[in-house]
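Structure record follows, encoded as structure tokens.
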Amino acid sequence: QVQLVESGGGLVQTGGSLRRSCAASGRIASTYSMAWFRQAPGSERESVAALPWSGVYANYASFVKGRFTISRDNAKNTVYLQMNSLKAEDTATYYCAAAPNMGVRRNDYNYWGQGTQVTVDS
């Protein structure tokens, strides 16, 4: 089992920044690919960014490229999402996820964090 505990998030003004963290624990968590998804009310959960355990070749959704950065610290089993130049349309519940292999679909991931609301006030 892998447990994911998220922190960060909250309310920010348009154009502002936030950093999300997700600490993983449990068996072989450090070898797993990690990802961030988000879900707005009435919408499907969508991939935001994903990163393999090596930390190389991150994948980003087109709508966050150049604004968001995913990174990880394997010594701490923690993945981060730095969100800059936030827009009102970034408002959603953000989830971290883990799986043995990197993917961009919700079904690619076995383990999920509890989700935290990010609200961008326009």
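Worth saying up front: this structure is predicted, and the values here are computed from it rather than measured. Quick note: numbers below take in every heavy atom, side chains included, and nothing from hydrogens, waters or symmetry partners.
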[X] and [Y]: same hydrophobic cluster, using ILVMFWY side-chain contacts below 4.5 Å?
| X | Y | result |
| --- | --- | --- |
| Leu86 | Tyr80 | no |
| Ile70 | Tyr95 | no |
| Trp36 | Phe63 | yes |

Would you name the heavy atoms of [X] and [Y] that are closest together and state the gap between them?
| X | Y | value |
| --- | --- | --- |
| Ala88 | Thr14 | N-OG1, 4.5 Å |
| Tyr32 | Tyr111 | CE2-CE1, 3.7 Å |
| Val104 | Tyr109 | N-CE1, 4.5 Å |
| Asn84 | Ser17 | OD1-OG, 2.9 Å |
| Thr91 | Ala40 | O-CB, 3.9 Å |
| Arg38 | Asp90 | NH1-OD1, 2.9 Å |

Check against salt bridge (charged side-chain N to carboxylate O under 4.0 Å, His left out), Asp108 and Arg105: CA-CA 5 Å; Asp108 292 333; Arg105 300 173 303 168; 2.8 Å; yes
With a 6.0 Å cut-off (strictly less than), is the heavy-atom count around CD of Glu44, excluding the residue itself, greater than 12? no
Would you check if the distance from the ring center of Trp112 to the ring center of Phe37 is below 6.0 Å? yes
Report the C-alpha distance between Val12 and Asp121 in whole Å, list the side-chain angles of each, state the deciding distance to 0.1 Å, and finish with yes or no for side chain to side chain contact (heavy atoms under 4.5 Å, CB included). CA-CA 6 Å; Val12 66; Asp121 187 358; over 6 Å; no
Test side chain to side chain contact (heavy atoms under 4.5 Å, CB included) on Tyr57 and Met102 and set out the steps. CA-CA 10 Å; Tyr57 304 122; Met102 192 173 83; 5.8 Å; no
Any donor-acceptor N/O pair, [X] side chain to [Y] backbone, under 3.5 Å:
| X | Y | result |
| --- | --- | --- |
| Gln117 | Gly10 | no |
| Glu6 | Gly115 | yes |
| Asn101 | Ser33 | no |

Find the distance between CZ (Arg45) and CZ (Arg106) and round it off to the nearest 0.5 Å. 4.0 Å
Give, for atom CG of Asn59 and atom OG of Ser47, the distance between the pair rounded to the nearest 0.5 Å. 6.0 Å
Do Met34 and Cys22 have side chains that get closer than 4.5 Å, going by heavy atoms? yes
Working for side chain to side chain donor-acceptor pair (under 3.5 Å), residues Arg20 and Thr116: CA-CA 9 Å; Arg20 300 293 321 283; Thr116 305; 3.1 Å; yes
Apply side chain to side chain contact (heavy atoms under 4.5 Å, CB included) to Leu81 and Tyr94, showing your working. CA-CA 10 Å; Leu81 184 68; Tyr94 284 72; 4.2 Å; yes
Using the side chain to side chain contact (heavy atoms under 4.5 Å, CB included) rule, take Val118 and Leu18 through it: C-alpha gap first, then chi angles, then the decisive distance, then the call. CA-CA 9 Å; Val118 170; Leu18 280 175; 3.7 Å; yes
